[in-house]
Amino acid sequence: RKEVEQDPGPFNVPEGATVAFNCTYSNSASQSFFWYRQDCRKEPKLLMSVYSSGNEDGRFTAQLNRASQYISLLIRDSKLSDSATYLCVVRDSSASKIIFGSGTRLSIRP
Amino acid sequence: EADIYQTPRYLVIGTGKKITLECSQTMGHDKMYWYQQDPGMELHLIHYSYGVNSTEKGDLSSESTVSRIRTEHFPLTLESARPSHTSQYLCASSESPGQGFVGELFFGEGSRLTVL
């Protein structure tokens with residue numbers, strides 16, 4: 001079993017739709033959580049950190065469920081420019097290990 | 001905007017040549033990483049460093065080597081390039097999580113290597 005698991009997709013949704021991704025992690029001692037976005041042939045870029053209380057940034061909402069060991073990303077009113085691969089990233093308690101999920105591909109159609 | 005730079009961005013080279021991929025960051029981060037990624041595939045950690053004179057191998061075995069003589073500089077070297085080394089190499093750095101820092105990674109734009 002992978003330490004960080006994501007549904008690879010692809011998710012193909014119409015513009016304006018709401019889409020949600022989940023990511024599960026196996027190490028209960030994990031400390032920090034992030035969502036990164038990666039465009040085709042580009043480097044990953046931080047989309048948002050995920051805090052215990054949940055956090056929102058415009059159309060994006062991230063949630064953390066420590067009891068069930070998953071994090072989620074919700075995108076509302078999706079835009080064509082949201083098409084990308086979304087990477088779930090987990091950092092362990094000692095901060096020495098950073099684990100990337102394999103990514104979820106999202107494609108927004110007009 | 002992240003202050004981490006990689007050169008060259010693109011390199012096409014013949015089999016057997018020695019290559020060095022450069023990575024520099026001006027953020028004073030102690031932790032630096034090298035990832036390898038093929039098109040459409042996931043990231044694989046090949047090397048990391050927690051500070052000067054500290055280097056470790058990552059999860060994916062790689063014939064490359066790294067050095068960390070200065071905080072800001074983390075070059076990757078392939079002594080004898082082969083077609084199987086063709087890939088994108090991404091360098092990243094991070095601050096250690098702590099007071100006010102969550103320890104996110106900042107990536108360079110990548111070096112795309114093609115070995116003929």
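In what follows, every chain begins at residue 1, and chains take the letters A, B, ... in the order their sequences are listed.
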Need one label for Leu87(A): side chain, backbone, both or neither, based on atoms under 4.5 Å from any heavy atom in chain B. side chain

Any chain of hydrophobic side-chain contacts (each under 4.5 Å) joining Ile19(B) to Val12(B)? no

Minimum-distance pair of heavy atoms, taken over all atoms of Glu43(A) and Gly108(B): CB-O, 3.0 Å

Interatomic distance, Asp59(B) atom CG to Glu3(A) atom CD [nearest 0.5 angstrom]: 7.5 Å

Do the side chains of Met32(B) and Leu76(B) join up, straight or via other hydrophobic residues, at under 4.5 Å, putting them in one cluster? yes

Going only through I, L, V, M, F, W and Y residues with side-chain contacts under 4.5 Å, is there a path from Leu46(A) to Leu73(A)? no

Residue Ile69(B) excluded, over 12 heavy atoms near CD1 under 6.0 Å: no

Lys2(A) side chain near Glu42(B) side chain, heavy-atom distance below 4.5 Å: yes

Expected output: side-chain Tyr36(A) to main-chain Leu105(B) donor-acceptor under 3.5 Å: yes

Let's go through Tyr33(B) and Ile98(A) carefully: what are the C-alpha distance in whole Å and the side-chain angles of both, what is the deciding distance for side-chain contact (heavy atoms from CB on, under 4.5 Å) to 0.1 Å, and is it a yes or a no? CA-CA 10 Å; Tyr33(B) 310 83; Ile98(A) 301 172; 3.3 Å; yes

Would you find more than 12 non-hydrogen atoms of other residues, nucleotides or ligands less than 6.0 Å from Lys17(B) atom NZ? no

With no hydrogens and no angle check, do the side chains of Gln37(B) and Gln38(A) hold a donor and an acceptor under 3.5 Å apart? yes

Are Leu11(B) and Ile46(B) linked, directly or through other ILVMFWY residues, by side chains that come within less than 4.5 angstrom of each other? yes

Is there a side-chain contact between Arg41(A) and Gln88(B) (heavy atoms, below 4.5 Å)? no

